[in-house]
Amino acid sequence: MTMTARFQKTIQLAAEAFQHCLDLPFAVYLISEDGIFLQYNAEARSLFTLPPEPTFQDNITPFYLHPNDRVENLRQLQRTPRGQWLRNTTLDLKMGPVVKHVRDHSKAIWDEENNRIVGLLCLTVQMTKTDRYHRLFSDLPVGVFSFRIGVGLVHANPRFYEMHGYDSLDEIRYKQPADFMKNASNLKELTRKLSNEGKITDTYLENIRKDGTFFTASVSAKAMHDNDGSLIGFEGIVEDVSIADIYFKLVNEVPIGLFKVRFNDQGAHILIHCNQHFAQNRGAEQAEALIGMDLRDFHKSEADFHRFFTELIRKDEKGEFLTDYILEAFNGQGELRKYELYARLLKDAGGKASGLVGAERDVTDFWETKQQLEELTTDIGKVLHSYSSTLINSKHTMGAVVRSLVLEDEKIQKEAKLDYPGIMQKIASQISALERSITSVLEKNKTVAFFDAKIEEQLVYLMNLLKNSEERKVDTQKIALIRDGSIRIKELTREMGLGNFPRELTKKTGRQLNEILRLCSLVTLTHGVEAVLEMETGVNNLRSYILTRVKKREQLKKLDIYDLLLGVAKNMGEYAAQRNIELRMNIKEISNIYIQGYQEDLTRALLNIVHNAIKYSWSRKRPAKSFVKIEGRTDALWLYLDIENWGVAITPKELEDKLLFKVGYRGVNSQDRRRPGTGLGLYDAQKVIKKHRGKLSITSKPSLGNAEDDYSKPFKSNVIIQIPLIKQSL
């Protein structure tokens with residue numbers, strides 16, 4: 001290889017510096033950035049056995065015992081200020097079969113025009129044995145110390161004083177051993193052991209640093225004696241094992257079994273490491289008792305072992321770990337237990353399976369409880385399904401009876417709904433007519449005593465009860481009182497009809513009583529239908545929620561939220577109409593808007609929220625209607641739904657403390673009209689919305705200017721849902 005223009009330029013750039021160093025009594029040489037010798041003096045020629053003149057073929061790289069040292073040297077020179085030397089780099093160089101230890105001083109030759117290093121000017125000095133000893137002593141990764149009794153620390157390497165937070169040996173020279181220990185009382189025990197046994201090995205101590213902090217130290221030392229055999233001091237090494245100590249404690253204190261297995265040539269699974277918890281899982285007091293055992297012997301059966309190992313291999317072939325695997329194994333005391341296992345296959349350099357590492361926890365009790373819970377959950381689901389069917393049948397039956405009893409003039413025009421005010425007025429009129437008939441009966445009885453005074457007294461009492469029923473504020477209580485009183489009067493008039501009492505009077509009171517009972521039945525059955533409608537959604541949603549944990553997991557898919565809301569509104573339509581509540585939908589803006597979601601979960605959440613909005617709305621006198629408003633809008637990233645109602649207040653404390661989202665919690669004002677509920681609706685709804693990476697929030701404010709603590713007037717409550725959109729291309 002001849003000198004190229006590139007080499008010539010490097011030599012020119014380094015000429016002044018090279019000439020300045022040429023006569024120094026050690027190896028001086030100039031190399032290119034890729035290691036080609038360009039110039040050198042006699043000492044360098046002798047050190048590297050180079051030809052008298054450069055041939056531009058010899059490269060320094062093969063001389064490095066550790067080639068990465070050259071790479072690191074270049075990297076450090078890149079960071080060294082230009083024109084300055086990188087000093088005292090210790091290198092190990094191969095000179096044939098001999099390794100020589102040298103100290104290297106290097107200076108980068110920069111091509112300023114191209115802003116790059118084009119060569120290195122190097123000065124290399126061979127190290128003496130003393131130099132090598134001091135290098136080894138200084139570079140040891142452990143602290144080396146020597147103490148003399150009565151004198152203190154007489155010698156230590158840099159690692160020792162750096163480990164204890166000091167900058168030099170002079171700072172700690174002549175300090176006593178106790179000055180480095182957290183508990184000075186340990187020194188007495190160490191001195192006793194050194195005197196009696198001559199040495200200590202891997203003794204753990206808490207040592208103290210200059211700044212007062214502590215670290216865990218592993219100390220090994222040997223005693224030093226004079227010619228008479230008296231102890232005069234001790235010397236040894238100390239290692240900072242804080243991280244190892246933390247790991248050791250963590251491995252043994254963590255409540256999970258950790259283990260490592262090696263496969264031998266016979267295919268045995270030999271345990272080579274485990275923590276204390278794993279040992280206890282297998283019935284051993286200490287981990288050492290299990291080391292060397294074949295873990296296959298703990299498996300339930302050979303077939304069970306092969307099933308486990310096949311699954312481990314299958315996971316590895318897919319680049320995965322074995323997770324959540326339920327392994328049945330004996331605990332060393334003959335008891336079969338279930339372990340939840342996480343494991344990874346280990347391989348040698350050739351890619352052959354060589355062992356495995358894993359973690360396990362005993363889930364026997366949990367697993368049995370889980371199975372019982374799943375069985376119980378399934379049973380509850382079946383019971384709720386039965387309840388749901390019963391409610392539907394009851395609703396249809398009561399609805400049919402209502403239709404058979406109601407007259408056309410007792411319905412609201414165009415709605416086919418019961419006219420409550422008209423019915424209550426009819427009942428009041430019938431009570432007045434009955435009172436006149438009963439008065440006639442009592443007058444007739446004064447002329448001819450057809451029944452005794454006891455019956456007369458009961459009739460008077462019952463009629464007063466019917467007349468005073470108007471004082472009852474709640475319709476259900478009023479109707480129950482009228483119905484029960486009418487039934488008792490009917491029984492008494494039947495008794496009167498058995499004698500010679502005029503039959504026309506008893507027939508007349510009978511017709512009036514039958515009409516009152518018909519009207520009461522209409523109201524009661526209609527209330528029953530309302531109650532069923534109110535319970536039906538709650539029972540269905542509760543069943544869906546309970547069965548979520550045992551049914552097949554629903555797949556995430558693209559959902560049209562517009563269609564989903566129309567389905568919810570249709571489902572809630574009958575219940576809303578029965579409560580005289582109008583569902584106002586303002587969702588045109590979200591037509592053809594899509595999200596990624598779980599249809600059944602999201603439908604259940606929306607049903608819960610809309611059902612609550614209807615249930616907790618305050619009613620208004622007909623023909624006026626209450627309303628629940630459902631609005632939808634979007635921006636570039638989010639879908640927003642707002643479900644609004646006017647009615648039961650939510651207190652500021654309930655909103656601030658998020659009490660409505662707690663399991664089983666029902667609002668302090670939610671039972672003002674004995675509204676039934678499970679306390680799961682909003683808890684479940686929030687979980688579902690979070691599952692969709694969304695947010696759910698609630699506001700409740702006075703609607704008519706009333707104070708925040710005045711619950712005698714309706715509050716305007718809003719449930720706001722925010723769910724991320726997906727791209728239309730999806």
Side-chain angles (χ1 to χ4, degrees), residues 141 201-204 216 218 220 239 241-371:
T201 304
D202 293 329
T203 300
Y204 275 46
T216 302
S218 174
S220 297
E239 185 176 3
V241 293
S242 299
I243 296 177
D245 185 45
I246 291 170
Y247 169 76
F248 180 79
K249 290 178 180 177
L250 178 64
V251 163
N252 281 286
E253 293 177 5
V254 68
I256 295 175
L258 304 175
F259 64 96
K260 186 175 182 180
V261 167
R262 176 176 52 80
F263 306 152
N264 66 13
D265 294 338
Q266 290 74 42
H269 285 209
I270 304 301
L271 183 70
I272 60 174
H273 176 73
C274 70
N275 69 346
Q276 193 65 26
H277 200 79
F278 181 88
Q280 292 170 358
N281 282 351
R282 294 297 185 274
E285 292 185 4
Q286 299 295 329
E288 291 78 8
L290 293 179
I291 303 304
M293 296 188 68
D294 188 344
L295 283 192
R296 295 180 302 174
D297 297 337
F298 288 96
H299 282 261
K300 177 182 176 181
S301 65
E302 187 175 344
D304 198 63
F305 162 73
H306 284 298
R307 186 162 44 251
F308 151 70
F309 197 60
T310 300
E311 184 64 14
L312 180 66
I313 297 293
R314 189 182 70 83
K315 287 286 187 179
D316 180 73
E317 289 173 348
K318 295 170 64 177
E320 300 174 357
F321 300 156
L322 183 63
T323 60
D324 297 317
Y325 186 87
I326 301 301
L327 174 73
E328 288 189 280
F330 292 101
N331 65 357
Q333 299 173 353
E335 184 182 2
L336 194 62
R337 306 288 290 180
K338 285 184 173 63
Y339 300 97
E340 184 179 70
L341 181 66
Y342 297 77
R344 178 170 67 91
L345 198 65
L346 300 177
K347 297 181 179 180
D348 59 21
K352 181 182 177 182
S354 60
L356 65 92
V357 62
E360 68 174 24
R361 67 186 183 109
D362 190 334
V363 294
T364 306
D365 298 333
F366 167 78
W367 189 260
E368 292 175 356
T369 303
K370 180 183 176 185
Q371 286 183 316

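Below, all heavy atoms of this structure are taken into account, side chains as well, without hydrogens, waters or symmetry copies.
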Hey, could you give me the [atom1]/[atom2] distance between [X] and [Y], rounded to the nearest 0.5 Å?
X      : Y      : atom1 : atom2 : value
Asn281 : Ile256 : CG    : CD1   : 10.5 Å
Leu345 : Arg314 : CG    : CZ    : 13.5 Å
Cys274 : Gln280 : SG    : CD    : 10.5 Å

Only one of Leu258, Thr323, Leu322 clears side chain to side chain contact (heavy atoms under 4.5 Å, CB included) with Tyr342; which?
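So, applying the side chain to side chain contact (heavy atoms under 4.5 Å, CB included) to Tyr342 and each of Leu258, Thr323, Leu322, only Thr323 qualifies.
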So does Glu317 pair up with Lys315, basic N to acidic O under 4.0 Å?
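Answer for the salt bridge query: no.
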When you check the gap from the basic side-chain N to the acidic O, do Arg282 and Glu360 get nearer than 4.0 Å?
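Looking at Glu360 together with Arg282, the answer is yes, because their closest N to O distance falls below 4.0 Å.
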Kindly state whether the ring of Phe259 and the ring of Phe278 have centres lying under 6.0 angstrom apart.
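Centroid distance Phe259-Phe278: below 6.0 Å, so yes.
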N/O donor-acceptor pair under 3.5 Å between [X] side chain and [Y] backbone:
X      : Y      : result
Asp304 : His299 : no
Asp294 : Ile270 : no
Gln276 : Glu285 : yes

Under the criterion salt bridge (charged side-chain N to carboxylate O under 4.0 Å, His left out), I'd like the reasoning laid out for Asp316 against Lys347: C-alpha separation, chi angles, the key distance, then a yes or no.
CA-CA 10 Å; Asp316 180 73; Lys347 297 181 179 180; 2.8 Å; yes
Side chain to side chain contact (heavy atoms under 4.5 Å, CB included) assessment of Leu341 paired with Ile326:
CA-CA 6 Å; Leu341 181 66; Ile326 301 301; over 6 Å; no
Quick one: is the NZ or CZ of Arg361 closer than 6.0 Å to the six-membered ring centre of Tyr339, and within 45° of its axis?
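No, a cation-pi geometry is absent between Arg361 and Tyr339.
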Verdict with reasoning, Phe263 to His269, per side chain to side chain contact (heavy atoms under 4.5 Å, CB included):
CA-CA 5 Å; Phe263 306 152; His269 285 209; 3.4 Å; yes
Verdict with reasoning, Leu312 to Leu356, per side chain to side chain contact (heavy atoms under 4.5 Å, CB included)
CA-CA 9 Å; Leu312 180 66; Leu356 65 92; 3.8 Å; yes
With a cut-off of 6.0 Å (strictly less than), are more than 12 heavy atoms of other residues, nucleotides or ligands near CD of Glu302?
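For Glu302, atom CD is not crowded (no more than 12 foreign heavy atoms under 6.0 Å).
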May I have the step-by-step check of ring-ring contact (aromatic ring centres under 6.0 Å, His included) for Phe298 and Phe305, ending in yes or no?
CA-CA 9 Å; Phe298 288 96; Phe305 162 73; over 10 Å; no
I want to check something: taking the side chain as every heavy atom from C-beta on, are Leu346 and Lys260 in contact at a cut-off of under 4.5 Å?
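Of all side-chain heavy-atom pairs linking Lys260 with Leu346, at least one is under 4.5 Å.
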